[in-house]
Amino acid sequence: MNSLRRFWSIGLLVVLVTGLLAACAPATPQVVEKTVEVEKVVEKVVEKVVTPTPAPPAEGAKMVIRVGTGDSGEGLNPHQEIIANFEKENPDILVQLEAVAGSDYYARLLTQIAAGDAPDIMQIGDDAVPMFVSKGAFLPLDDFIKGADPLDLNIYLPNTLKPGMYQGKQYFLPKDFSTMAVYYNKKIFDKYNVPYPKDGWTWDDFLKTAQQLTIDENKDGTPEIWGVQLMANWNGYEYFTASTGAKLISEDGKKIVGYMDSPETIKAVQFYVDLYNKYKVAPPPADFNQWAGGNPEFANGTAAMRLFGRWPQSGLLKNPNVDLGVVSVPVGDKKANIMFWGGFGIFSGTKHPEAAWRFLKYYVGEGGSKVWIKHGIPPVASVVKEAGMDQDPIEGVWIKALEDVVDRAYVSSDYWGETGAPAFGKALEKLLIDPTADVATVLKEAAAEAQAALDEKLGQ
Amino acid sequence: MKPQEKDLLFPAHWRRNIWNAMIYALLIAGSLMFLLPLFWAFTSSFKPDYQIFKIPPQWIPNPIRWQNYSEAWTYVPFGRFMLNTLIIAAGAITGNLLSCTIIAYGFARLRAPGKNALFILMLSTMMLVEPVRIIPMYIEFKTLGWIDTFLPMIVPAFFGSPFYIFLLRQFFMNIPKDLSDAALIDGASHLQILWRIILPISKPALAAVAIFNFQGVWNDFLYPLVFLHRHTNFTIALGLNFFRSSYSIQWGNLMAASMMALLPMVVVFFFAQRYFIEGISFSGIKG
Amino acid sequence: MTAITQRFSPLRFRWSLQKREALAFYLCILPWFIGFLLFYLGPILASFYFSLTKWDLLNPPQFVGLENYERIFTRDKYFLQAVKVTTIYTFSYVPLDLILGLLIALLVNQRVRGVGVFRTIFYMPSVLAGVAYVVMWMWVFNPQAGLINGILAYFGIQGPRWLLDPKWALPALIIMSLWGVGRSMVIYLAGLQDIPRELYESASIDGANTWHRFWNITLPLLTPSILFNLIFSIILTFQSFTNVYIATNGGPLDATLFYVLYLYRKAFDHLAMGYASALAWILFLIVLVCTLIIFATSGKWVFYRGVEE
C-alpha cells in the first residue's frame with residue numbers, strides 16, 4: 001500500500017509541477033481593456049458596430065495592440081524595430097507581434113476571426129482582400145484617413161493603394177509590393193557575347209535572346225545552359241495575358257467563356273507554352289506547387305534569365321554563380337505588368353480602433369518606411385526618392401514597372417480563386433505535361449468548367 | 001536433415017556466425033537505404049543556399065558553411081522553441097502515462113456491460129479530422145483563458161489519448177490471465193494488480209508510448225499554430241516554419257534547423273529502445 | 001474478505017463480484033470519459049451542427065439543413081476524385097507498411113551487437129515531419145537530379161517525372177510514406193519482446209525450424225500488434241494531409257487530391273466551413289465502418305493471451 005500511495009503522491013506532485021511550469025512559462029500579459037478619447041464615430045461595417053467609449057487611461061496601464069503578420073524569420077526584424085520605435089514615442093501602447101509563416105497564416109487568421117479573437121491589425125495579401133472585406137472582417141479606413149489623425153495618401157507610389165481598396169473604399173495600406181521583371185546573369189551573357197537586354201525590348205527580342213543562350217554543347221538533348229527560367233502554375237502567368245491585352249474574366253465578373261478562351265488569351269498562353277515545348281528555352285518545371293522553391297537553374301548559374309518577382313533578389317545578389325542584372329519585362333502587344341502586394345488593415349472587431357489606426361499610420365507610413373527600406377522597397381514615394389532607389393539600376397526597374405500595372409483577374413470577381421484560378425492553372429498544367437495538347441481546345445474546356453463553377457456560385 | 005546430422009555438418013557456432021553475418025548484411029543494406037535521402041539533407045545543412053539544388057548534385061559541401069547552424073539558432077529563438085517543446089512533452093507524457101495505463105487496464109482486463117461500445121466510441125474520436133474541430137476547441141480554450149499557453153496541449157493528456165489507450169490495451173490483453181487471477185484470489189485490488197503485475201512487464205509498451213508521445217509533441221503543428229500567439233511561445237514545429245516566407249525559403253538554415261530538431265528525438269529513442277529487451281519468461285506457465 | 005464470502009451464498013457472491021468488476025471498469029474509464037465530455041463532445045457536436053450550415057468563418061453560420069450532404073453526393077466530382085485517390089493510397093500503403101514493418105522489426109530483434117544503432121536508424125525517418133522532410137523527398141524524386149532517377153539511370157532506365165506526372169505522383173507519395181515505417185516497427189518490436197523465449201526453445205527441441213517457429217509462434221502472438229497497426233494505419237492514412245499539401249498540393253491534375261486536403265481547401269481557401277464539416281463527417285463514417293468491419297472479423301485471426309476464449 002505504501003508504494004501505491006507513493007505512486008499517487010509522486011504523480012500528484014508531477015501534475016502540480018507541470019501545471020506550475022505550464023502556467024508560469026508563457027505569462028499572458030494582463031490585458032487591460034481601455035479605450036482612448038475618440039472624437040470621431042467609427043463607421044458601421046456590415047452589421048458590426050464599433051462604439052467608442054470615452055474613458056481616461058489609468059496611470060501606468062498599457063493598451064495592447066495585437067498585430068498579425070505572415071512574415072517570418074529575418075523578415076520579422078523590421079517589424080520589431082518599427083514596433084520598438086513606435087512604443088518609445090507612444091508609451092501608452094504595447095504592441096504584440098504575432099507572426100506565422102506562409103499559407104498557414106490564413107488558416108490561423110480565419111480561425112481567430114471565427115472565434116472572435118483576431119489581432120487588431122492584420123497583414124493580408126492582395127488576392128485575399130475581396131474575400132476578407134466582402135465578409136466584413138476589416139474596417140474601412142477612409143474616415144480615419146480624413147479624420148483627426150489624418151494621413152496624406154499622396155505619399156504612396158502610384159498604383160500601390162489600389163489593391164487595398166474594395167468597392168471604392170480604402171481598407172488596407174500597402175506594406176510592400178512586387179512587380180515582375182527579368183533577372184539576367186551577366187556572366188552568361190558575357191561568355192557568349194550576347195548584348196544585355198534593354199528596357200523596351202519586345203517578345204521577339206526576348207525569344208531571340210533566350211534561344212541564343214540555350215546551349216547544348218554535348219548535344220545530349222539536355223541544354224547545359226537554359227535561355228530563361230519561367231514559373232509553372234503560378235499567378236505570374238497573368239503577365240503574359242496582360243501583355244496581349246487579354247482578360248481572363250469580364251469586368252463585371254460574370255463571364256469567363258469568351259475571355260479565358262479569347263484569341264488574345266490563346267495567343268498569350270501559346271507563347272508561354274511554346275517557350276517550354278516548342279522552342280525549349282525554358283527548363284521543365286521542377287514542381288507545380290510554388291512551395292518548394294521551384295526550379296534551381298538560375299540560382300545555379302545554368303539559366304541566362306529568369307522571369308519573376310522581387311523576392312529572391314537579395315539572395316541572388318549574394319550568389320557567386322550570378323552576376324545580377326535586372327531589366328523590365330519584354331513588351332508584348334502592349335506594355336503591361338502585374339503586381340503582388342501585401343498590406344495591413346484594421347480588424348472590424350477591434351476594441352481599440354483609434355490606437356490601432358495610430359500604429360497603422362506609423363507602421364506603413366513614413367516612420368515605418370525608413371525601416372522597411374533596409375529590407376525592400378517601401379511603397380512610400382518620399383522615402384524611396386530620398387534614398388535614390390528610383391534611380392538605382394536594379395531597384396528602379398521594379399519601381400518604374402508600377403506605371404504599367406494592370407488589374408489581375410481576382411479584382412473582377414470575389415469567386416475567382418475558387419473558379420477561374422484552379423481551372424486556368426490546371427489548363428496550364430495539362431499543356432505542360434502533354435506537349436501535343438492544343439492550346440485553344442484546352443483553354444475552351446477550362447473556360448467552360450470555370451464558367452459552370454462561377455454560375456453556380458453566382459446563382460447562390 | 002536430422003538434428004544430429006545437422007550438428008555434425010554445421011557446428012552450432014558456425015551456424016551462428018553465418019547467421020549473424022547475414023543479419024549484419026541485411027541491417028547495413030537496409031540502413032543505407034534509409035539513410036541515403038537523409039544524407040542529402042544532412043550535407044545540405046552545411047552548404048550555402050545556392051549549392052543545395054545544384055545539378056548534378058554536389059555531395060560534399062564546399063565551402064562548409066557552419067553558419068547555417070549558428071544562424072538557425074539565433075535567427076529565431078531556437079533554444080526557446082526547444083525548451084517550450086520539451087516542457088509540453090514532459091507534461092503530456094506524464095499525463096498520458098498516468099491516465100492511459102489506468103484506462104487501458106479497464107478496457108483490457110475488466111469486464112462490464114457496454115465496454116465494447118465505449119471502446120469504439122473512444123476510437124471514433126480519432127476519426128473526426130482536426131480542421132473541423134479546431135474552431136470550437138479554440139472557442140472553448142478561449143473561454144477558459146488557455147489561449148497562448150501550453151495548457152491546451154498538456155491538460156487533455158491527463159484524460160487519456162485514444163492512440164495510447166488502444167496501444168496499451170492491446171498489450172495488456174496479451175498478458176496471461178493466470179497472472180492476474182492468481183493475484184485476485186490472493187485478495188489484491190485492481191490497482192495493485194496494475195501497479196505490481198501488469199506495469200512491470202509492460203515496459204516495452206510503456207517505452208513505446210513515451211517514444212510516440214514525445215514524437216507527437218515534437219512534430220505537432222496544428223495545435224501550436226492555432227493556440228499559441230506570441231512567437232516566444234512557439235514550438236519547434238512552428239519554428240521550422242520560420243525559415244520560409246511566402247515566396248522564398250532559406251534552405252541551408254532550414255536543413256540545419258531540421259537536423260538540430262531531429263537530434264533530441266534520436267537521443268530519446270536511442271535510450272528508450274533499450275526497454276525493448278528480449279523476453280520476460282513466465283516460469284511455470286505454458287504459452 | 002473471507003467474512004463476506006461466508007455471509008453470501010455462491011450465486012449472489014458471483015453476481016456481486018461481477019458488479020464490482022464492472023464498477024472498477026467504470027472507475028478506470030472515468031478519466032477518459034470526463035476528458036471526452038470536456039474536450040471532445042462539444043467540438044464534435046458543434047462540427048455536426050456546422051455541417052448543416054453554410055459558414056464562411058467571418059460571419060455567423062446559416063442553417064441549410066442537408067444541402068451540403070446532398071451537394072457532396074450528387075454534384076461534387078472533386079469529392080469522388082478525393083475518395084478514389086485516398087482509397088487507392090490507403091489500401092496500397094497500409095499492407096506494404098504492415099509487412100515491411102514486420103520484416104524490419106524481425107531483423108532488428110536479432111541479438112547482435114550494436115542493434116540499437118540500427119534500430120535508431122530505421123526509426124529516425126518516421127520522426128522527421130514537416131517541410132524539411134517533404135522537401136528532401138521532393139529532391140529525391142527530382143526528375144533531373146534526384147537520387148531515384150539517378151539510380152535508375154545507372155541501370156539504363158529513364159525514370160518518370162514522379163511528382164510531376166499524374167500517373168506517378170501517387171506511387172511517389174506512397175514510397176515517401178513507407179520510409180516512415182519505423183512507427184509500425186516500434187510496435188512490432190515491443191510485441192516481439194512479449195513472446196517468451198521458452199516457447200521458441202521448446203519448439204526447437206521438438207524439431208521446428210525457423211519458418212515453423214515464425215509461423216506458429218511469432219505470428220499468432222503478434223496478432224494484437226498487427227491489429228493495432230492495421231487499425232491505426234487505416235485511421236491515420238485516410239487522414240493524410242501534410243505530405244501532399246507540401247509536395248503536390250493535390251496535383252498534378254488532381255492526381256493526388258487527398259480527402260483531407262480537399263476538405264482543408266474547402267474550409268480555409270473557399271471559406272466553406274459548413275461544407276468541409278459535412279465532408280469530415282462523411283469521412284468519419286467511412287473510417288468508422290472500416291474499423292468496425294476489421295474489429296468484427298478480428299476474432300477469427302487475433303489471439304490474446306490474457307483473454308479467455
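Every chain is numbered from 1, with letters handed out A, B, ... down the list of sequences.
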Q: Could you tell me how the ring of C:Phe122 sits relative to the ring of B:Phe34: parallel (under 30°), tilted (30 to 60°) or perpendicular (over 60°)?
A: perpendicular
Q.
With a 3.5 Å distance limit and no angle check, can you tell me whether C:Gln239 reaches the backbone of B:Met126 through a side-chain donor-acceptor pair?
A. yes
Q.
Report which part of C:Val112 has an atom under 4.5 Å of a heavy atom belonging to chain B: side chain, backbone, both, or neither.
A. both
Q | Over all atoms of both residues, closest heavy-atom pair of C:Ala276 and B:Val132 | A | O-CG1, 3.8 Å
**Q.** B:Met259 versus chain C, the contacting section by heavy-atom distance below 4.5 Å
**A.** neither
**Q.** Side chain, backbone, both or neither of C:Leu107 within contact of chain B (heavy atoms, under 4.5 Å)
**A.** both
(Q) Report which part of B:Asn219 has an atom under 4.5 Å of a heavy atom belonging to chain C: side chain, backbone, both, or neither. (A) side chain
Q. Relative to chain B, which segment of C:Thr291 carries a heavy atom at a distance below 4.5 Å: side chain, backbone, both, or neither?
A. side chain
**Q.** Sub-4.5 Å side-chain heavy-atom contact between B:Ile28 and C:Phe118
**A.** yes
Q) Contact part of B:Phe163 toward chain C, heavy-atom cut-off under 4.5 Å: side chain, backbone, both or neither? A) both
Q: Could you look at B:Phe270 and say if it's the side chain, the backbone, both or neither that has a heavy atom under 4.5 Å from chain C?
A: both
Q. Below 4.5 Å, heavy atoms only, C-beta onward: do B:Pro162 and C:Phe36 meet side chain to side chain?
A. no
Q. Taking the inter-plane angle between the rings of B:Phe269 and C:Tyr123 on a 0 to 90° scale, is it parallel (under 30°), tilted (30 to 60°) or perpendicular (over 60°)?
A. parallel
Q.
Quick check for you: to the nearest 0.5 Å, what is the distance between C:Met124 atom CE and B:Ser31 atom OG?
A. 9.5 Å
**Q.** Nearest-0.5 Å distance that lies between atom CE in B:Met137 and atom OH in C:Tyr40
**A.** 7.0 Å
**Q.** C:Trp139 versus chain B, the contacting section by heavy-atom distance below 4.5 Å
**A.** side chain
Q.
Are C:Leu38 and B:Val155 packed together at the side-chain level, in the sense that at least one heavy-atom pair is separated by less than 4.5 angstrom?
A. no
Q) What pair of heavy atoms forms the shortest contact from C:Trp179 to B:Met33, and how long is it? A) NE1-O, 3.8 Å
**Q.** N/O donor-acceptor pair under 3.5 Å between C:Gln193 side chain and B:Lys203 backbone
**A.** no
Q: Please flag which part of C:Tyr26 lies under 4.5 Å from any non-hydrogen atom of chain B: side chain, backbone, both or neither.
A: side chain
Q. Which atoms form the tightest heavy-atom contact between C:Arg113 and B:Tyr24, and what is the distance?
A. O-OH, 2.7 Å
Q. Is C:Leu279 close to B:Val129 at the side-chain level, that is, under 4.5 Å between some pair of heavy atoms?
A. no
Q. What distance do B:Lys115 atom NZ and C:Cys28 atom SG have between them, rounded to the nearest 0.5 Å?
A. 11.0 Å
Q) Given a strict heavy-atom distance threshold of 4.5 Å, which part of B:Phe119 is in contact with chain C: side chain, backbone, both, or neither? A) side chain
Q.
Within the supplied structure, the quantity of interest is the number of heavy atoms (other residues, nucleotides, ligands) at a distance under 6.0 Å from C:Tyr49 OH; does it exceed 12?
A. yes
Q.
On a heavy-atom basis, which atom in B:Leu110 and which in C:Ala24 lie closest, and how many Å separate them?
A. CD1-C, 3.8 Å
**Q.** Atom group of C:Glu21 that falls short of 4.5 Å from chain B, counting heavy atoms
**A.** both
Q.
For chain C, which candidate among B:Ser99, B:Pro131, B:Pro156 shows the most heavy-atom pairs at distances under 4.5 Å?
A. B:Pro156
Q. Do C:Phe284 and B:Ser124 come within less than 4.5 Å of each other through their side chains, counting heavy atoms only?
A. yes
Q) In terms of heavy-atom proximity below 4.5 Å to chain B, should C:Ile44 be classed as side chain, backbone, both, or neither? A) both
Q.
Using heavy-atom distances under 4.5 Å, tell me whether C:Val260 contacts chain B through its side chain, its backbone, both, or neither.
A. side chain
Q.
Are C:Ile187 and B:Phe212 packed together at the side-chain level, in the sense that at least one heavy-atom pair is separated by less than 4.5 angstrom?
A. yes
Q) By a 4.5 Å heavy-atom criterion (distance strictly below it), what part of B:Phe141 contacts chain C: side chain, backbone, both, or neither? A) side chain
Q) Could you state the interatomic distance from CZ (C:Phe33) to CE (B:Met122), rounded to the nearest 0.5 Å? A) 13.5 Å
Q: Compare every heavy atom of C:Met136 with every heavy atom of B:Ala41, then report the nearest pair and how far apart it is.
A: CB-SD, 3.4 Å
Q: Look at B:Leu240, B:Leu167, B:Val266 and state which one has the largest set of heavy-atom pairs under 4.5 Å with chain C.
A: B:Leu167
**Q.** Structural part of B:Met255 lying under 4.5 Å from a heavy atom of chain C
**A.** side chain
Q) Can you say whether C:Met273 sits under 4.5 Å from chain B via the side chain, the backbone, both, or neither, judging by heavy atoms? A) side chain
Q.
Can you tell me how far apart CG (B:Leu128) and CG (C:Leu285) are? Round to the nearest 0.5 Å.
A. 10.0 Å
Q) Is the shortest heavy-atom distance from the side chain of B:Ile120 to the side chain of C:Leu292 under 4.5 Å? A) yes
Q. Rounded to the nearest 0.5 Å, how far does CG of B:Leu26 lie from CD1 of C:Ile104?
A. 10.5 Å
Q) Based on non-hydrogen pairs under 4.5 Å, which of B:Ala112, B:Cys100, B:Ala104 is most in contact with chain C? A) B:Ala112
Q: Considering only heavy atoms and a distance below 4.5 Å, find which of B:Ile134, B:Asn20, B:Ile139, B:Leu121 pairs most often with chain C.
A: B:Leu121
Q) Where does B:Ile165 contact chain C at under 4.5 Å (heavy atoms): side chain, backbone, both or neither? A) side chain
Q: State, to 0.1 Å, how close B:Met265 and C:Val127 come at their nearest heavy-atom pair, and which atoms those are.
A: CG-CG1, 3.2 Å
Q: Could you tell me whether the side chain of B:Leu123 reaches within less than 4.5 Å of the side chain of C:Phe295, counting heavy atoms only?
A: yes
Q) Would the B:Phe159 and C:Phe39 ring centres measure less than 6.0 Å apart? A) yes
**Q.** Closest-packed option against chain C by number of heavy-atom pairs under 4.5 Å, given B:Asn116, B:Leu262, B:Leu254
**A.** B:Leu262
Q.
At a 4.5 Å cut-off on heavy atoms, which part of B:Leu194 comes close to chain C: side chain, backbone, both, or neither?
A. neither
Q) Is chain C contacted by the side chain of B:Trp218, its backbone, both, or neither, given a heavy-atom distance below 4.5 Å? A) neither
Q: Examine whether an atom of C:Ile286 lies under 4.5 Å from a heavy atom of chain B, and if so say whether it belongs to the side chain, the backbone or both; otherwise answer neither.
A: neither
**Q.** chain B contact via C:Trp281 - side chain, backbone, both or neither, heavy atoms under 4.5 Å
**A.** both
